Engineer: 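What follows is a structure written as structure tokens; I'll ask about it next.
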Amino acid sequence: MTANEVALSYLVASVLFILSLKGLSHPLTARRGNLFGMIGMALAVLTTLAITRRVDLAVAMLVVGGIVGFIVAKRVEMTQMPELVAAMHSLVGLAAVLIAIAVINDPPAFGVEVPVPTGNRVELFIGTFVGAITFSGSVIAFGKLAGLGTYSRLFSSAPVVFAGQHWLNLVLAIVMGIYGLFFVNASPEGQWTPFIIMTALAFVLGVLIIIPIGGADMPVVISMLNSYSGWAAAGIGFSLNNSMLIIAGSLVGSSGAILSYIMCKAMNRSFFSVILGGFGGAEGASAAGAEQKTVKSGSPEDVAFLLSNAESVIIVPGYGLAVGRAQHAVKEMADKLIEKGITVRYAIHPVAGRMPGHMNVLLAEAEVPYDQVLEMEDINSDFGTTDVAFVLGANDVVNPLAEEKGSPIYGMPILEAHKARTVIVNKRSMAAGYAGIDNPLFYMDRTMMVFGDAKKVVEEVVRAIE
């Protein structure tokens, strides 16, 4: 291919990536967005193969990676998607570091002059340290999400903090920057020592940045690492003079940054407060004092009676629904209620589940009509006039303590399920959510708790409605 043909092909692929992001911004166009993204990536890969010197090696790596990706995609559960995303981010960061090493080792192979120009060195420095931080940070995020805290305290869902932590991070960042400057100004013979030290410090910094972030802030961490991986790719793209990497990396980096902002806003958290130390206890821990309080519990038959005699129902899906794979049973239950003339809608919090859009994907998988699924700002005002709010496995996102000063989650926007005339809450136990605090919603006079696996409970509700 000629240089113009390559440029045109990469430009078309870039346009398809932009259209993909546009499509993914709404459930109705998400499938089309995915299709645009796949076509764009296929075009980018084919173009790269057309200009590479080692087609055999590139194809072999594509085959191996494709097989591994296919197997993982077939086996992974929806509840494991967040840790899978974190793992993918780590690979993008590691790829950026390895490409930088290859460029430094053999610049002519990548069309870079010898000695490597200062501008290219700066780009390699930025791409390398961002990629290294992305890799090690994503590994820690993966461990936290996968519940590997029993194997190492670094993976604990609770924040891992120690005295002088922020000062240590600052010192490491400064030292890393100093060695980065040494690398930028080093001769070809003396460049490896500062580069290796700089990269090693970046790997350590990635770990230290993520370990103090608690489970409640993990949705922000995922989108933040997504942004990091994009900027790492863009930085390496500048070094290689590859417009495709620059554009694709910039799209990922900017969209991840915007998503991080949206997540922080949804949790009433500043981005810097998340980075400097999150909140959140170990998942599954009991809230302090919860065992001394009493709750009103009921059976699936009681739930069926309340739902069947309501005029309006709002279903609030949470992580418990995802764990129980209950979305199809919930869809069947909603259909039966709608047949009875009952208005049924779903309320989605931006950070429900373990990653942005988690609940939307689950409901789409069950073919829930999009017009029944409403975002928090669109449905919150309706809870006060709703007969029944049915909360399935949600916790922090419906916690009224967010409205009380002094609470660890004070100011966090929540779904106002506590304002409904009757509240039904399905949970497996009285365990606290990610924030590790009790939820007064469970003890209200008009709240009925139904304990058990979400799918089994809802299936019994469906049979009782029939």
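No experiment lies behind these values; they were computed from the predicted model shown.
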Engineer: Is there a side-chain contact between Tyr346 and Val330 (heavy atoms, below 4.5 Å)?
Structural biologist: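 Touching, per the 4.5 Å side-chain cut-off.
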
Engineer: Test of understanding: with side-chain hydrogen bond (donor to acceptor under 3.5 Å, both in side chains), list the residues that count as partners of Ser90, not counting sequence neighbours.
Structural biologist: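 Expected list: none.
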
Engineer: Please tell me if the side chains of Leu43 and Phe17 come closer than 4.5 Å, counting only heavy atoms from C-beta onward.
Structural biologist: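 Side chain of Leu43 against side chain of Phe17, heavy atoms only: no contact under 4.5 Å found.
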
Engineer: Not counting sequence neighbours, list each pair that qualifies as a ring pair (Phe, Tyr, Trp, His ring centres under 6.0 Å) and has a residue in residues 133-164.
Structural biologist: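 Of all non-adjacent pairs touching residues 133-164, those that pass ring pair (Phe, Tyr, Trp, His ring centres under 6.0 Å) are Phe135-Phe203.
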
Engineer: Show which side-chain atoms of residues 450-463 pair as donor or acceptor with protein atoms under 3.5 Å away, not counting sequence neighbours.
Structural biologist:
residue: Asp453; atom: OD2; partner: Lys455; partner atom: N; Å: 3.1
residue: Asp453; atom: OD2; partner: Lys456; partner atom: N; Å: 3.2

Engineer: Do Pro350 and Met376 come close enough that some side-chain heavy atom pair is under 4.5 Å?
Structural biologist: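 A side-chain contact exists here, since the closest heavy-atom pair is under 4.5 Å.
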
Engineer: Which one of Val63, Asp56, Leu57 satisfies the side chain to side chain contact (heavy atoms under 4.5 Å, CB included) criterion with Val59?
Structural biologist: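 Exactly one candidate clears the test, Val63.
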
Engineer: Tell me, with the steps shown, if Lys144 and Val221 meet side-chain contact (heavy atoms from CB on, under 4.5 Å).
Structural biologist: CA-CA 11 Å; Lys144 283 175 175 282; Val221 173; over 6 Å; no

Engineer: Checking Val112 now: which residues fulfil side chain to side chain contact (heavy atoms under 4.5 Å, CB included) with it, not counting sequence neighbours?
Structural biologist: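 Val112: side chain to side chain contact (heavy atoms under 4.5 Å, CB included) contacts with Val103, Pro107, Phe110, Val116, Pro117, Asn120.
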
Engineer: How long is the gap from CZ on Phe390 to CE on Met333, to the nearest 0.5 Å?
Structural biologist: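 Rounded to the nearest 0.5 Å, the CZ-CE separation comes out at 5.0 Å.
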
Engineer: Would you tabulate the side-chain donor-acceptor contacts of residues 247-254 under 3.5 Å, counting partners in other chains and residues two or more places apart, or write 'none'?
Structural biologist:
residue: Ser250; atom: OG; partner: Ile246; partner atom: O; Å: 2.7
residue: Ser254; atom: OG; partner: Ser250; partner atom: O; Å: 2.7
residue: Ser254; atom: OG; partner: Leu251; partner atom: O; Å: 3.3

Engineer: Run through Val316, Leu363, Leu374 and flag the one making a side chain to side chain contact (heavy atoms under 4.5 Å, CB included) with Ile348.
Structural biologist: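 Only match with Ile348 under side chain to side chain contact (heavy atoms under 4.5 Å, CB included): Leu363.
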
Engineer: What pairs of residues pass the side chain to side chain donor-acceptor pair (under 3.5 Å) test when at least one of them lies in residues 170-198, not counting sequence neighbours?
Structural biologist: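 Of all non-adjacent pairs touching residues 170-198, those that pass side chain to side chain donor-acceptor pair (under 3.5 Å) are Arg121-Gln191, Ser187-Glu189.
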
Engineer: Just checking Glu113: does its CD atom have more than 12 heavy atoms from other residues, nucleotides or ligands closer to it than 6.0 angstrom?
Structural biologist: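 Incorrect, the count does not exceed 12.
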
Engineer: Does CG belonging to Asn34 count more than 12 external heavy atoms closer than 6.0 Å?
Structural biologist: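 Yes.
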
